[in-house]
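Report on the structure given below.
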Protein chains: 2
Amino acid sequence: MSTGTDAPATAPEGYDAGDYPPFGVTVDLAIFTVRDGALKVLLVERSADPYEGAWALPGGFVGVDEDIDDAAWRELAEETGLTRTDWHLEQLRTYGTPGRDPRMRVVSVAHVAFAPDLPDPQAGSDARCARWWAVDDLDLPGLRGGDHDSDVDGAPTLAFDHARILAAAFDRVAAKIEYTSLATAFCPPTFTLGELQHVYEAVWGVRLDRSNFRRWVQQTTGLVRPAPTDEVRPPQGRGRPAALFEARTEGVRTLHPPLLRPADARALRADRSAR
Amino acid sequence: MSTGTDAPATAPEGYDAGDYPPFGVTVDLAIFTVRDGALKVLLVERSADPYEGAWALPGGFVGVDEDIDDAAWRELAEETGLTRTDWHLEQLRTYGTPGRDPRMRVVSVAHVAFAPDLPDPQAGSDARCARWWAVDDLDLPGLRGGDHDSDVDGAPTLAFDHARILAAAFDRVAAKIEYTSLATAFCPPTFTLGELQHVYEAVWGVRLDRSNFRRWVQQTTGLVRPAPTDEVRPPQGRGRPAALFEARTEGVRTLHPPLLRPADARALRADRSAR
DNA sequence: ACAAAAGTGTTAGGTATACACCCATGC
DNA sequence: GCATGGGTGTATACCTAACACTTTTGT
């Protein structure tokens with residue numbers, strides 16, 4: 001490594017504690033789910049000092065001997081009340097602008113999690129108030145044609161730089177279901193093709209052609225497979241019972257071909273597409 | 001934020017120095033260029049303690065009052081000897097596994113930079129040895145059909161977890177030129193369509209059909225535009241002089257349609273495609 | 001019977017792939 | 001002339017988008 005910045009001189013080799021600027025390192029989680037036909041994200045209400053009353057992404061400090069990924073999984077378990085499952089959790093980006101936390105220099109490694117619909121109002125492990133917010137009800141920079149200033153009715157105030165993180169997180173989700181099997185991560189263990197289509201429609205905010213969607217799913221290797229038993233789902237309301245499917249594997253798969261979202265759904269995020 | 005891990009108890013609010021585990025935060029850079037028909041990356045040879053003699057990504061500590069992005073740009077300038085240009089530099093991922101640096105707990109924010117072909121042997125600002133390495137000559141996990149154990153002839157030893165970072169960085173580059181205009185970032189200010197095609201071929205390790213590539217470039221909005229003067233490039237060796245083009249904008253643009261790499265070029269990275 | 005959702009099929013238009021062919025230059 | 005790279009065209013296979021139609025359930 002080369003020499004660092006000027007302020008606290010860092011020796012290229014043989015450095016030890018005290019030689020380097022100390023940082024706090026945290027993980028922040030954008031946990032998404034699809035529920036009631038909308039994409040939602042879990043936020044917690046702050047009960048203390050900076051940004052009191054504002055809503056923030058769940059998160060916390062990384063332990064000295066803890067891997068960053070482990071810290072993210074730990075926070076996910078704490079916030080949702082569920083133990084480490086087969087959910088998908090991935091790094092999003094690291095945010096470390098000086099002053100983003102008024103108290104001290106904190107670098108936050110933001111993550112994105114894909115969760116199926118959970119038993120409704122999981123109270124956070126610590127007594128703070130936590131709830132799902134529809135992404136459309138948030139006031140995020142450059143989202144869904146958002147003007148960012150045109151405050152959505154009842155949009156919560158977001159703490160720190162979490163509006164920025166959320167915008168990037170949403171972007172990631174919308175892009176990722178195009179070319180990976182992650183849309184199934186929003187579904188229960190078995191699901192109908194209609195339910196899977198609803199995931200795409202909720203995330204992208206568009207309507208898809210049922211027939212074409214069905215053809216795409218079935219010709220796309222590695223996305224779904226018929227549920228082991230040939231049972232069907234008794235219809236929720238009216239309509240013919242639907243065949244049940246399950247995700248093809250636990251992990252993430254790259255899809256061939258991808259399902260590209262319609263151009264009009266993509267245009268809304270064009271200005272932020274330059275990572 | 002919720003409560004942190006056990007070791008150094010972190011107060012959810014009102015914490016201050018000493019309450020949190022101290023981390024060193026660095027930036028590491030994977031600076032790519034295309035030269036001699038191959039994708040190359042800039043590495044520096046370590047002259048000291050851990051991993052002495054091994055090759056590492058250029059990088060260094062982030063200053064206390066320095067933004068992470070600024071630190072990355074600073075390192076880029078130091079390593080290439082050029083001031084902040086219009087190059088493309090983006091965050092890749094953060095690596096923070098305990099023990100990745102044997103000396104202390106360091107969290108590294110890895111970046112990827114796209115550079116045009118530079119005046120050849122830029123000596124690093126500090127006297128260490130720096131050179132371009134062809135990606136194909138490196139022994140990276142799961143790359144180009146790599147077995148990772150089948151050591152490439154003359155493959156350098158890579159320091160820390162930099163082999164892993166490089167694999168992810170290469171992956172990002174290969175994916176990014178599919179759907180953004182970033183291939184032009186490897187080209188000089190004006191370039192021929194043949195040169196642009198060579199970029200794609202070098203990065204993906206495939207041959208493309210000249211005719212189809214040309215049609216794609218020209219029908220794709222926002223990629224290239226004819227150079228202001230209608231000059232041509234005198235042929236390097238033999239052949240007809242070629243028309244010159246320039247990148248359409250400074251920034252990054254999402255391409256419609258994208259240029260998807262052939263399936264066989266994608267298969268080589270399939271196992272790593274699950275982020 | 002009717003509405004709603006599942007499932008099947010068909011067709012027109014566009015895009016990609018693999019070529020074939022001519023042009024301009026250096027050797 | 002001939003090799004090399006630039007530039008243009010075309011035909012086929014394939015994929016996509018749009019829409020029509022049938023089936024099965026609840027009310």
Side-chain angles (χ1 to χ4, degrees), chain A residues 36-37 178-179 187 190-202 204 206-221 223-227 230-246 255-267, chain B residues 34 36-37 178-179 187 190-202 204 206-221 223-227 230-246 255-266:
Chain A
D36 306 327
E178 281 190 305
Y179 58 93
C187 295
T190 67
F191 50 87
T192 69
L193 295 189
E195 289 166 346
L196 184 60
Q197 181 176 344
H198 288 331
V199 168
Y200 280 92
E201 293 177 332
W204 289 344
V206 295
R207 301 283 298 175
L208 300 178
D209 183 275
R210 216 162 27 83
S211 178
N212 296 330
F213 179 80
R214 167 177 292 270
R215 175 180 15 263
W216 171 77
V217 168
Q218 299 196 333
Q219 80 170 20
T220 296
T221 63
L223 182 52
V224 302
R225 129 185 79 200
D230 277 348
E231 54 185 343
V232 291
R233 163 142 324 167
Q236 322 292 45
R238 274 189 285 212
R240 176 172 167 175
L244 283 174
F245 294 83
E246 64 182 13
L255 299 182
H256 307 288
L259 179 60
L260 301 176
R261 75 195 107 157
D264 53 314
R266 185 186 298 272
Chain B
V34 172
D36 307 326
E178 281 190 304
Y179 58 93
C187 295
T190 67
F191 50 87
T192 69
L193 295 189
E195 290 167 346
L196 184 60
Q197 181 176 343
H198 289 330
V199 168
Y200 281 91
E201 293 178 332
W204 290 344
V206 295
R207 301 283 298 176
L208 300 178
D209 183 275
R210 214 160 30 82
S211 176
N212 295 332
F213 179 80
R214 168 178 291 270
R215 174 181 15 264
W216 170 76
V217 168
Q218 299 196 332
Q219 80 170 21
T220 297
T221 62
L223 182 52
V224 303
R225 130 183 77 199
D230 278 348
E231 55 185 342
V232 291
R233 164 144 322 167
Q236 321 291 45
R238 275 189 283 214
R240 174 173 167 174
L244 284 174
F245 294 83
E246 63 181 14
L255 299 182
H256 307 288
L259 179 59
L260 301 176
R261 74 195 108 159
D264 53 314
R266 186 185 300 271

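Just so you know, these numbers come straight off a predicted model, no measurement behind them. Lettering of chains follows the sequences in order, A, B, ..., and the numbering in each one begins at 1.
For the pair Arg214(B) CZ and dA20(C) C1', the computed distance is 16 Å after rounding to whole Å. The CH2 atom of Trp216(A) sits 17 Å away from the P atom of dG7(C) (whole-angstrom rounding). Remark: P of dT16(D) and NE2 of His256(A) are 14 Å apart, rounded to the nearest angstrom. If you measure from atom CG of Leu260(A) to atom P of dC15(D), you get 14 Å, rounded to the nearest angstrom. Computed from coordinates, the Phe213(A) CZ to dT8(C) P distance equals 15 Å when rounded to whole Å. Atom pair Arg207(B):CZ and dT17(C):P shows a separation of 16 Å (rounding to whole Å applied).
Proximity of a side-chain donor or acceptor of Trp204(A) to a complementary backbone N or O of Val199(A) within less than 3.5 Å is not detected. Not one N or O on the side chain of Glu246(B) forms a donor-acceptor pair closer than 3.5 Å with the backbone of Phe191(B). No donor-acceptor pair closer than 3.5 Å links the side chain of Gln219(A) to the backbone N or O of Trp216(A).
Listed by chain and residue number, nothing satisfies the salt bridge (Lys or Arg N to Asp or Glu O under 4.0 Å) test with Arg215(A) (two or more places apart in sequence, or in another chain).
Two residues are said to be in side-chain contact when any heavy atoms from C-beta on lie closer than 4.5 Å; Leu208(A) and Gln197(A) meet this criterion.
Interatomic distance, CG of Leu259(A) versus CG of Asn212(A), reported as 10.0 Å (0.5 Å rounding).
With dG6(D), dG7(C), dG26(C) as the candidates, the nucleotide lying closest to the side chain of Arg238(B) is dG26(C).
No engagement by Gln218(A) is indicated, since no non-hydrogen atom pair under 4.0 Å with the nucleic acid exists. Across all strands, Glu195(B) comes closer than 4.0 Å to no nucleic acid atom at all (heavy-atom distances).
Dashed line: the shortest gap from a side-chain N or O of Gln219(A) to OP1 or OP2 of dT16(D) is under 4.0 Å.
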Can you tabulate the close N/O pairs, meaning under 3.5 Å, that link protein atoms to atoms of nucleotides 18-22 of chain D?
| residue | atom | partner | partner atom | Å |
| --- | --- | --- | --- | --- |
| dA18(D) | N7 | Asn212(A) | ND2 | 2.9 |
| dA18(D) | N6 | Asn212(A) | OD1 | 3.2 |
| dA18(D) | N6 | Arg215(A) | NH2 | 3.4 |
| dC19(D) | N4 | Asp209(A) | OD1 | 3.4 |
| dC19(D) | N4 | Ser211(A) | OG | 3.4 |

